[in-house]
2 protein chains.
Amino acid sequence: MPFSLHQGDALMVMATLPDQAVDCVITDPPYNSGGRTTTERTSRTARAKYVSGGVRHHLADFDGENKDQHSYGYWLTLNLTEAYRLSKPGSPALIFTDWRQVSTTADALQAAGWTWQGIATWHKPAARPRKGGLRQDSEYIVWGTKGRIAASQNPVYLPGLYSASQPRKDRQHITQKPLAVMRQLVRICPPGGTVLDFCCGSGSTGVAALQQGLDFIGIEMSPHYAGIARSRLETALNQTTGPDDLGLAGPEEQ
Amino acid sequence: MPFSLHQGDALMVMATLPDQAVDCVITDPPYNSGGRTTTERTSRTARAKYVSGGVRHHLADFDGENKDQHSYGYWLTLNLTEAYRLSKPGSPALIFTDWRQVSTTADALQAAGWTWQGIATWHKPAARPRKGGLRQDSEYIVWGTKGRIAASQNPVYLPGLYSASQPRKDRQHITQKPLAVMRQLVRICPPGGTVLDFCCGSGSTGVAALQQGLDFIGIEMSPHYAGIARSRLETALNQTTGPDDLGLAGPEEQ
DNA sequence: CCTTGCGATGAATCCATAT
DNA sequence: GATATGGATTCATCGCAAG
């Protein structure tokens, strides 16, 4: 089972999966951020918030961007609690977030039972400058482990800072992450393990996981993006497995 | 008055200063961090927490590292509230912190009345590696403004990521900041303005401010470090106001 | 002056042992 | 059983001396 992809609500889908099925959680939930007031944050769509006026690309909108701060923390806690149940002891969880939601994300992670281990930084060199102040050119990765870190199972030494611009060419999702970053991050998963992304969007986490020889479970609410993810995952799988592996295990249909 | 330096408790000293006396606050309070349990954090000294075993330098310890998380947030809020009173409208405040205290620092900043504007990153290339996980090689700068940002008064465009190792040569303080970083950060202060650092340690913020032609008000609790700060500030002042000074930065020493 | 090699260090962290 | 103490760890980077 190199990968399985589920289209549906993350909580509902995770409820159907067995305990300790995965070795690592890496996800990039909708930030519910991007506005100074509650009204600005909750009444606009993702496209209105995250795409500059006048930009002409035709990327689809995505849902899940209408929670206030309290509700977002609650929603994230519920999901991380389910993800905790699905994880083996010692497994890491890596959650992308932006500066406004770092506190909420760290709280939700710990509320869900994870031991908070740190914050890593994804630096976007091409971010927009800011007059009179400090450019906000980073997003953050709040990470923790289920109990003690299982360092002996996977003695990697990963950086705490990743610098890469958002994909421009062939971008499928408004907030798509660079594969170069994701390929590094999935190395936190022990060899041969399974990576879970319960907000997988266009599936970059899964593509990186398959490229590194890991298994992947992805969940995406939007049928549009689930379709894109499936197509990208299948392409990645074909590129990483030779003809002699065919028939061993195809993508599991949902 | 290019600079004034006060030795004493920050709250007590700030109480003696008039409203709207400064244009910018940049400070690096004790993080009260460095341990997994409350006991580990509050019962050890700064040296015991932050200096590796076997290290030979003999830098002095510093106080203020014995607060639990709640108390730290309270203490920081009180100080940032006084600093808010001392700041002109539109002034920025930049507060250094580590990953464990990012949330508390952002809360304290906002509780004190400041408008939170973002998080900048100070990356330390020589940080310690971490087995099985992501290296924690950054500290963070939580920043805000008193009301709306006064960008028209000081149209600078500053980076959001600063990469520089901690000073090693001629280091005076366990947690001394690199001058290369501080020289960039003080540019957020309008030309000719006054920078306040109410936890000034060995005075790097002030040295950078003087080198950029700004005035400086420093407060430091420890008589030992206040003495070091005074000496460094006087040296910086002599170097920047010398007869053949052409507005260039001084020597690149720590 | 530039290159190479060696040793020391890090706003730590982990684990075993002692109290 | 919870907490305190001590020693080992790990590598990119930096300072310094030698070549």
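Numbers restart at 1 for each chain; the letters A, B, ... are given by sequence-line order, proteins then strands.
The side chain of B:H173 places no N or O atom within less than 4.0 Å of a non-bridging phosphate oxygen (OP1 or OP2) of C:dA11. Of the side-chain N and O atoms in B:R47, none sit less than 4.0 angstrom from OP1 or OP2 of C:dA11. The side chain of B:R100 contributes an N or O atom lying less than 4.0 Å from OP1 or OP2 of C:dT13. A sub-4.0 Å separation between OP1 or OP2 of C:dT9 and a side-chain N or O of B:Q166 is absent. The phosphate of C:dA11 has neither OP1 nor OP2 within less than 4.0 Å of any side-chain N or O from B:R41. Taking 4.0 angstrom as the limit, B:K124 places a side-chain polar atom (N or O) nearer than this to OP1 or OP2 of C:dA11.
Distance CG (B:D98) to P (C:dT13): 9 Å, rounded to an integer number of Å. One can place NE2 of B:H57 at 16 Å from C1' of C:dG7, the figure rounded to the nearest angstrom.
Between B:H173 and B:Y225, the gap from one ring centroid to the other is short of 6.0 Å. Remark: aromatic rings of A:W114 and A:Y84 are close, center separation under 6.0 Å.
No hydrogens or angles considered: a donor-acceptor pair under 3.5 Å links the side chains of A:D197 and A:T27. Under 3.5 Å, the side chains of B:Q69 and B:Q101 contain a donor-acceptor pair of N or O atoms.
Between C:dT9 and C:dT13, the two C1' atoms lie 15 Å apart (nearest whole Å). If you take atom P in C:dA8 and the same atom in D:dA8, they sit 16 Å apart, rounded to whole Å.
Within the nucleic acid shown, B:E139 comes within 4.0 Å of at least one base atom, counting heavy atoms only. Across all strands, B:P125 comes closer than 4.0 Å only to sugar-phosphate atoms, never to a base (heavy-atom distances). Residue contacts shown for A:P155 are absent, as no nucleic acid heavy atom lies under 4.0 Å away.
Heavy-atom distances to DNA chain D give each of B:K131 and B:S165 a nearest nucleotide, and the one nearer the 5′ end belongs to B:K131.
A stacked arrangement is assigned to B:Y31 and the six-membered base ring of C:dA11, with a centre-to-centre distance below 5.5 Å and an interplanar angle below 30°.
Between the side chain of A:W122 and the backbone N or O of A:A164, at least one donor-acceptor pair lies under 3.5 Å.
Side-chain proximity of A:Q117 to D:dC16, C:dC14, C:dA12: nearest is C:dC14.
One cannot find a donor-acceptor pair under 3.5 Å joining the base of D:dA12 and the side-chain atoms of B:D137.
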